[in-house]
Structures are given as structure tokens and as C-alpha cells.
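Following: one structure in C-alpha cells, then a few remarks.
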Amino acid sequence: MLGALALPVLSTATASAAPAAAPASLASSCHDLPPLPYEVHTAAVTIRSKATTRSTALGVLYRSHKFTVHKKSGNWLYITDRTTGVKGWVSGTYVYRDVRMCLD
């Protein structure tokens with residue numbers, strides 16, 4: 001004896017394929033946002049006279065200090081510590097920007 005297979009009846013009304021419009025505040029791309037600021041990602045990093053670990057130490061850049069990045073050379077950043085006024089090179093291993101992921 002063969003049994004009948006019951007299938008649900010599909011509605012003839014279909015959902016709209018077009019997505020709802022996003023609010024204007026969410027519609028802008030994260031690519032349009034300014035880059036994230038540089039931060040010290042360790043307790044402290046040595047400020048050096050040249051972009052090498054063998055150069056003279058000029059000071060220490062602590063996590064809480066504000067600083068300005070002037071240029072980059074390889075993995076080194078030339079900065080000014082706005083707390084102390086010291087200018088010099090710090091390793092990009094410890095001072096870098098966080099990454100923003102854009103999903104658009």
C-alpha cells in the first residue's frame with residue numbers, strides 16, 4: 001500500500017527580494033572613517049635616536065602618553081611624545097594602529 005506524502009502548501013505571496021533601506025547613519029562605508037589612532041600596546045617602549053635597537057635611548061613612551069607620528073621607516077615610527085616633548089624613533093612592534101574591519 002502506498003501512502004500519500006503530505007507537503008505543506010506554499011504561499012503564493014512572496015517576500016520582496018529588495019532589502020529594506022538602511023538608515024543613513026549606517027549606510028556610510030567604514031572606509032570613509034578616519035584611521036584609528038596609534039597606541040602603545042605595551043607598558044612602555046624606548047624612544048631612540050635612530051631606527052635601530054642599538055641606538056641611544058632618548059626617553060620612554062608610556063601607554064598613557066599622547067604622541068604624534070611624523071613618519072614611518074620600515075617597522076619604526078618617528079614620534080613626538082606630547083607629554084614630555086621628546087622626539088625620536090619607536091618600534092612598530094609595540095606602537096601601532098588597531099585594525100578596523102569593514103564588512104561592506
Side-chain angles (χ1 to χ4, degrees):
M1 175 176 199
L2 296 172
L5 181 61
L7 296 174
V9 177
L10 297 176
S11 170
T12 57
T14 59
S16 171
S25 62
L26 297 176
S28 68
S29 171
C30 75
H31 296 287
D32 299 332
L33 298 174
L36 295 172
Y38 282 92
E39 294 181 3
V40 177
H41 288 271
T42 187
V45 62
T46 305
I47 302 172
R48 301 200 171 267
S49 61
K50 296 180 183 175
T52 175
T53 56
R54 287 180 248 134
S55 65
T56 305
L58 302 175
V60 178
L61 182 64
Y62 293 98
R63 184 185 299 256
S64 61
H65 286 197
K66 302 293 182 194
F67 59 98
T68 303
V69 176
H70 301 287
K71 62 183 173 180
K72 186 174 181 180
S73 177
N75 193 36
W76 289 84
L77 303 168
Y78 186 74
I79 62 103
T80 298
D81 182 345
R82 293 191 308 213
T83 305
T84 63
V86 174
K87 293 182 179 189
W89 293 91
V90 293
S91 173
T93 302
Y94 308 107
V95 176
Y96 54 89
R97 287 181 167 152
D98 285 328
V99 176
R100 179 183 292 129
M101 183 181 290
C102 298
L103 299 175
D104 53 334

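Relative ring orientation between Y38 and F67 is described as tilted, the plane-to-plane angle lying within the 30° to 60° band.
Here E39 contributes atom CD and D98 contributes atom CG; the two are 5.5 Å apart, rounded to the nearest 0.5 Å. Atom OG1 in T93 sits 12.0 Å away from atom NE2 in H41 (nearest 0.5 Å). One distance of note links CG of L77 with OH of Y94; it measures 13.5 Å at 0.5 Å rounding. Taking CZ of R82 as the start and OG1 of T80 as the end, the distance is 9.5 Å to the nearest 0.5 Å. Here the straight-line distance linking atom CD1 of I79 with atom NZ of K87 works out to 10.0 Å at 0.5 Å rounding.
When the shell of 6.0 Å around OH of Y62 is examined, it contains 12 or fewer heavy atoms from other residues, nucleotides or ligands.
Looking at T84 and H65, their side chains never bring a donor and an acceptor atom within 3.5 Å of each other.
Y78 and V45 are assigned to two separate hydrophobic clusters, defined by single-linkage of ILVMFWY side chains at heavy-atom distances under 4.5 Å.
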*Go through the steps for S49 and W89 under the test side-chain contact (heavy atoms from CB on, under 4.5 Å), then give the verdict.*
CA-CA 6 Å; S49 61; W89 293 91; over 6 Å; no
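Screening L61, V60, L58 for a side chain to side chain contact (heavy atoms under 4.5 Å, CB included) involving D81 leaves a single residue, L61. Screening N75, V40, I47 for a side chain to side chain contact (heavy atoms under 4.5 Å, CB included) involving V95 leaves a single residue, V40.
Across P35 and R100, no two heavy atoms sit closer than the pair CA-NH1, 4.5 Å.
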